[in-house]
Each structure stands twice: as C-alpha cells, then as structure tokens.
Amino acid sequence: MANPAISTPLDVHLTKHPDSNRAIFFSSPQLTQLFPRRKPLTISCSSSKSPPKSESEKPKSLSEQLKPLTATTLSDSSSDNQTHLLSKPKSTWVNPSRPKRSVLSLQRQKKSSHSHNPQLRDLRRFAQKLNSSQDESEDAFMAALEEIPHPPSRENALLILNSLKPWQKTLLFFNWVKTQNSFPMETIFYNVTMKSLRFGRQFQVIEELAHEMISNGVELDNITYSTIITSAKRCKLFDKAVDWFEKMYTTGVMPDEVTYSAILDVYAQLGKVEEVLSLYERGRASGWKPDAITYAVLGKMFGEAGDFDGIRYVLQEMRSLGVQPNVVVYNTLLEAMGKAGKPGLARSLFEELIESGLTPNEKTLTALVKIYGKARWARDALELWDRMRSNSWPMDFILYNTLLNMCADLGLEEEAEKLFAEMKRSENSRPDSWSYTAMLNIYGSGGNVEKAMETFDEMSERGVQLNVMGTTCLIQCLGKAKRFDDIGRVFNVAVEKGVKPDDRLCGCLLSVVSLCENVDDENKVLSCLQQANPKLDDLVKLLQEEKPSFEAIKDEFRSVISNTAVESRRPFCNCLIDICRNGGRHERAHELLYLGTLYGLYPGLHNKTANEWSLDVRSLSVGAAQTALEEWMGTLYRIVQRKEELPELFSAQTGAGSHKFAQGMANSFASHVKKLAAPFRQCEDKAGFFVATREDLVSWVQSKAPSVVTV
DNA sequence: GTAGGGTTAG
C-alpha cells in the first residue's frame, strides 16, 4: 500500500556548484552570455487588448486592471498579447499611443514636517516616565496621565504618542486623547498608533482602527495602507495584506512606491514569483524607477527560490537603471547567492561591494562566512577573516558564532579555540548556547573526546543551556571513542535539562549502536534509544531476533520511516543495515537495502547509460555500500550468466570525502571489492572512483562459483 | 521605534 509519507521526495544529492567565477556583475556584460536566458514568462494582459472605445474611455478600476495579473496570472500563452517579461523587460506591450493606466503614483507621499516644539524636553521626559512605569495596569497608566506637564494639544499629543511603547500604552493614550475632544483625530494619529501596534503584532486591533477611520470619514493614506499591509505581513496574514492592497485601489487611493514594494514583498513571501514580476513590470511600465529596497525584495525572493537566473536578472535591472545597491541590497543578494549555491559569484559580489566604496556590516560578513564554510572554501574563509581584522570591520556575536560554525565546517580547531577565548574576554559577545554547540561540533567531529567533555562540563558550570544539536555532537563523539557509559550519562543530563530528542539525535544513537562490540554496550545505548524513540528501538530488537518474517520487518520499517523526518530516513536505513551486518545478519541487511530502495530512500543509486552502468554509493554508510556492492555484483553475475547485453564500462563512486573528518569510504569500499575479488580498480587520478570493463567482469564471473557472489 | 517598504545563525 502506498504510504504518502514514504513517497515524499528525498533530496538526496545536494548538488554543489563549485563555481569559481570571479567575474564581476556590474562590469562584465560577457557574463550574461555564460548563462542561459531565464525561461521567458508569458503574461496575458486583458487590459492591454484594444477594448471597444466606449469601454476604454470608462475608467477601469485599478483593482480590475490588476486582477488578471495578480489572480488569474500568466499562464495563458495562447494569447497574442503575451509578453516575454524577463528576457525583454522593456518590451513592446506598452503601446505608446495608448499608455497603460498607471498602477502606482510616482510621487511618494510627503510627510508633514513638524515645527519646533519648545515643550519637547518636558514631553519626552513625561513619555519616558510613562514607558518605564513598573505598574502595567490601565489604572496606573490613567493616573500617571494626570501629571501631563502641558495640555495635550495636537502637537503635544503627537509627540507623546510617537514615543510611547509598548502598544498597550500607545493605545490607551490614543483613546485618552480622543476623549479629550481638543481637536479632531487626523490620519497621522491613527498612523502613529498603528505603527506601535505593529511592533506588538496586533493586527486585529490595527484592522479595527482602520474600520473606525472608514466609519468616521478619516482619510486612509499611503502611510496607513503600507502600515496595515506590513502589519498583516508580520503576522503572516498575507490574505489580509492583499485584501487591503486591493481595497486601496477600489477606494481610489493610488499606492506610492513604498506601499507598492510592501505588497511586492507580500507576494514574494508567498512565493508568488510570477505575480511579483508582473507587478514589477506593471510598475516599470508606469514609469516607475524602483529604488534599492525593491531590488532587495526581488533578490530575497529569488534567493529563497534558489533561482540564480532571477538573481542575475535583479542585478541586470539595477545596472540598466543605474540603481546603486546599498549594503542591505548587497547582503540580500549575497544570501541569495549562498542559497543558489554560487560561492564564487558571492565572492565577486562582495568584491564589488568593497570596490563601490561601501563598508560591509555584520550581516554582510555573516552571509559570506557562512557561504565559504558551507562550500568548504578554507582559503577564502581565512583570507576574509584576516581582512575583517585588518580593516576592523564590525563584529557581533552572530558573526562570531557563524565563524565558529565555519571552523566546524572546515575542521579548524585551533582557530575556533582562539576565537572562543576571544569571545570569553569580550564585553558584548560572550559565548552562548550557539557558541558552545559549535565547540561541541568541532571537538566532536575532530574526535577530541576529552575536550568535548570538558566543554560539556563547562556548560553545566556556567549554566549554558545544552541543546539537541550539542547533545548529538557529543554522543557521536563518545560513540566513536566507545565511551558508552558516558553516552548514557550525557543523554540523561540532556533529557533532564529539557532537551527533546529529535530524529537526528535518534539517528546518532542508532549509528552508535552500530559501533558497539558487545551486548552490554549495545543495551546501554538502546536504553537511550528506548526513551528517545521507542518504535525505532523496537525495530532494532526485531531485526536482532531469529524469526521475524520479511513481511513483519517490512511493516515495522514502513511505520518507523513514515514517522521520521525526511532528511533522517536514509541515515536511519543506513544505520540499520550497518547494525545487521555487524551482527552477522547479512541477509537482513540486503532486505533493508531492498526496503530502503522500495521506499525511495536511495534514488540515483543505480545509473545506466548505453555505454556505462554505475553504482553511486556516496550517500550510503560503509555497511550499506558493501551491501549495495554485493547486490550489484550478484545481479551482474546473473546477467553475465544469462548472456544478456552489457555496456562496455562499469563504475562505482564512493566519493573522496572533501570533509577533513570524512570517513574513508573509498578505503573500506576498496577492501570490500578485494574481499569479493571483484574486478573493480580505483582510478589513480580520481579518488573514490572505481571502474571495471566488460571483459574484466565477464572473466571474473567465469572464474567464480556462484556462492562467492550471491548472498 | 523621527507617521510607511528591505538584510544576519545548525
């Protein structure tokens, strides 16, 4: 029976794009030729058709105009009004003789400038007093209001309203001013109050105020609408944000660029890329020259989608319009490059930022450090680190922690220790739970069990909260050192401190089970697993029994796997296979590999072309890889015997392991190949790549008894 | 937090 949870697609091969392109965007038009054009978007604009005269003269509401764009979208490619948005941004769909109706006002709403208030200091101080009052009750606040130093004139009231927080106090003051009846409540009072409510994520109250404005005939302006829209956005009420955006058109208020880019961000966060682009294009066609913030919104959207072509498009648009990115835009685009897997282009973009005379901030550097760490670009990471110090670029504790994580990614233990000590000495960047976790990760993956345990003890002494990732790193490290008693202790401390075991921790316990050499140790670890995930523990015990039928295993396996986070499913299966092999249950290991394959945990394990069949075991554990090799050799043996057609070349890939601490998968695989006397040879120029020719394979089959290769 | 839009960590 198909289990929907099991058929969830797995992201198996985290394809890396090891680009090292140093081309700089704003100065290299050739770069555009290196990449394929983005798939053109098609758009059907009902409003761009030539409508009958009478209808074209009738003003169409902007909401109506936008509808085909935002709601019915852009899929109707049969329309002859289709436009290739991205490949031809300034295309012919705007008929100059009949200019399209504007979708936004090119003039940004002006803010009133307030004149100097001689009572400013008094009023500020009074507002501070209201803010800092310990008694949060309404009565206390109302009593404190009695002491207002000057009468609440329009200007005075506005000044106080602007300085109040949190939102409860702002709202109380706003309502109090209303009861004073000294002057009519204008839009600006609502706007200021709504802003405070937005900090408190009080969308419902904001909406009530908006309705009050409507019923009292107070004008809602662009500032009101943009505040409402961004409040809804912050509360993830995207439907509400869109509703209010449409409401402004129907009530005849034209958005300016601030409101417009706010709504672009709403659609961007909804992942509605095509809608964002059509709105963007409509704005452009109205004569809008977007500012850097708009491009930050677009850049982030493409980054979230991992859409490198889209990021490139953003850069091209900015360049062609002469919009100079600011640091925030660069930061967003750097993040986006990271998510699109383009470390080389991120590096170029960073150099461009420097050349443009901007100074990177903490977020810039955090983004880049993270990218270099994940790409395992040690040289670039260390070079960047040097530059950070020599230029005294700003640091904060997130950047410190990101640097520590980078050290973990690159296996830079000494550098991490220096950094960690520096954090301890610092004023504002004391090591927190993240920092300690990074250290546990570094010591754990480096196999430095003594220091990992010292770190663990230090955390207890300093009252730093242990989290599930730290626990996992520690247990993994203790497992490799075969310190099974300590595993039980660490596990119990973690649970006592409120750590909730997740699937990664269970996978880690499972991998430790596979390292145990006797039943005593195994039971120590299994008792942890029993607490963390009883069903998984049951499955391990079932696999160790003599009797269970394949059907029984299949049922239990499916039940466990379907309740497991997608990214932990393959690791679970790998460990279960290892446990079976270690216990001498090879047949059961083959059954598990079969089940894993059946449930889609090993896509891409086998690849066939006319000339080459290959086995890719890079995402398997050592035991699972051996099982897969045996299985494959058995299959090939039978195919040779049946004299079926074979390709010229056979290959197996173990990967060379770019990580400093990566297990020697290639070595184990090589020795297993030798044990089977299989005809695979590791390529001298390509580590982790094994090949055999058809001739090798056929002569090997002819020289072997079936029992050698079949399990 | 100068009435409104955009950016940092397993």
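Chain letters run A, B, ... following the sequence lines, proteins first, then strands; residues in each count from 1. Keep in mind that the numbers below use all heavy atoms, side chains included, and drop hydrogens, waters and symmetry copies.
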Kindly list each side-chain donor-acceptor pair under 3.5 angstrom involving residues 332-341 of chain A, sequence neighbours excluded, with atom names and distances?
unit_1: A:Thr332; atom_1: OG1; unit_2: A:Val328; atom_2: O; d: 2.8
unit_1: A:Lys339; atom_1: NZ; unit_2: A:Glu304; atom_2: OE2; d: 3.0

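Nucleotides of DNA chain B lying under 4.0 Å from heavy atoms of chain A occupy a range whose first and last members, 5' to 3', are B:dG1 to B:dG10.
In this structure A:Ala262 satisfies the side chain to side chain contact (heavy atoms under 4.5 Å, CB included) test together with A:Ile229, A:Thr230, sequence neighbours excluded. Every residue was checked against the side-chain hydrogen bond (donor to acceptor under 3.5 Å, both in side chains) condition with A:Lys236, not counting sequence neighbours, and none meets it. Not counting sequence neighbours, A:Phe141 has no partner by the ring pair (Phe, Tyr, Trp, His ring centres under 6.0 Å) test. By the ring pair (Phe, Tyr, Trp, His ring centres under 6.0 Å) test, A:Phe397 is found to be paired with no residue, residues two or more places apart in sequence or in another chain being considered. For A:Arg201, the side-chain hydrogen bond (donor to acceptor under 3.5 Å, both in side chains) test picks out no residue, with sequence neighbours left out. With sequence neighbours excluded, no residue satisfies side-chain hydrogen bond (donor to acceptor under 3.5 Å, both in side chains) with A:Glu208. In this structure, the side chain to side chain contact (heavy atoms under 4.5 Å, CB included) partners of A:Arg125, at least two apart in sequence or on a different chain, are A:Arg121, A:Asp122. Every residue meeting the side-chain hydrogen bond (donor to acceptor under 3.5 Å, both in side chains) condition with A:Asn156, not counting sequence neighbours, appears here in chain and number order: A:Asn117, A:Gln119, A:Ser153.
Taking atom C1' on both B:dT2 and B:dT8, the two are 25 Å apart, rounded to the nearest angstrom. Distance check on atom P: B:dG10 versus B:dG4 gives 31 Å, rounded to whole Å. Taking the C1' atoms as reference points, B:dA3 lies 33 Å from B:dA9, given to the whole Å.
A heavy-atom distance below 4.5 Å is found between the side chains of A:Phe174 and A:Leu209. Considering only heavy atoms from C-beta on, A:Leu120 stays 4.5 Å or farther from A:Leu123 through its side chain.
Within a heavy-atom distance below 4.0 Å of DNA chain B, the residues of residues 189-206 of chain A found are A:Asn191, A:Val192, A:Lys195, A:Ser196, A:Arg198, A:Phe199. Only A:Asp221, A:Asn222, A:Ile223, A:Ser226, A:Thr227, listed by number, bring a heavy atom of residues 217-229 of chain A to less than 4.0 angstrom from any atom of DNA chain B.
Backbone-only engagement by A:Thr230 is indicated by non-hydrogen atom pairs under 4.0 Å involving sugar-phosphate atoms exclusively. Across all strands shown, A:Val329 has heavy atoms under 4.0 Å from base atoms, whether or not it also approaches the sugar-phosphate. At the heavy-atom level, A:Ser163 lies nowhere under 4.0 Å from the strands shown. Across all strands, A:Asn401 comes closer than 4.0 Å to base atoms (heavy-atom distances). No engagement by A:Asn441 is indicated, since no non-hydrogen atom pair under 4.0 Å with the nucleic acid exists.
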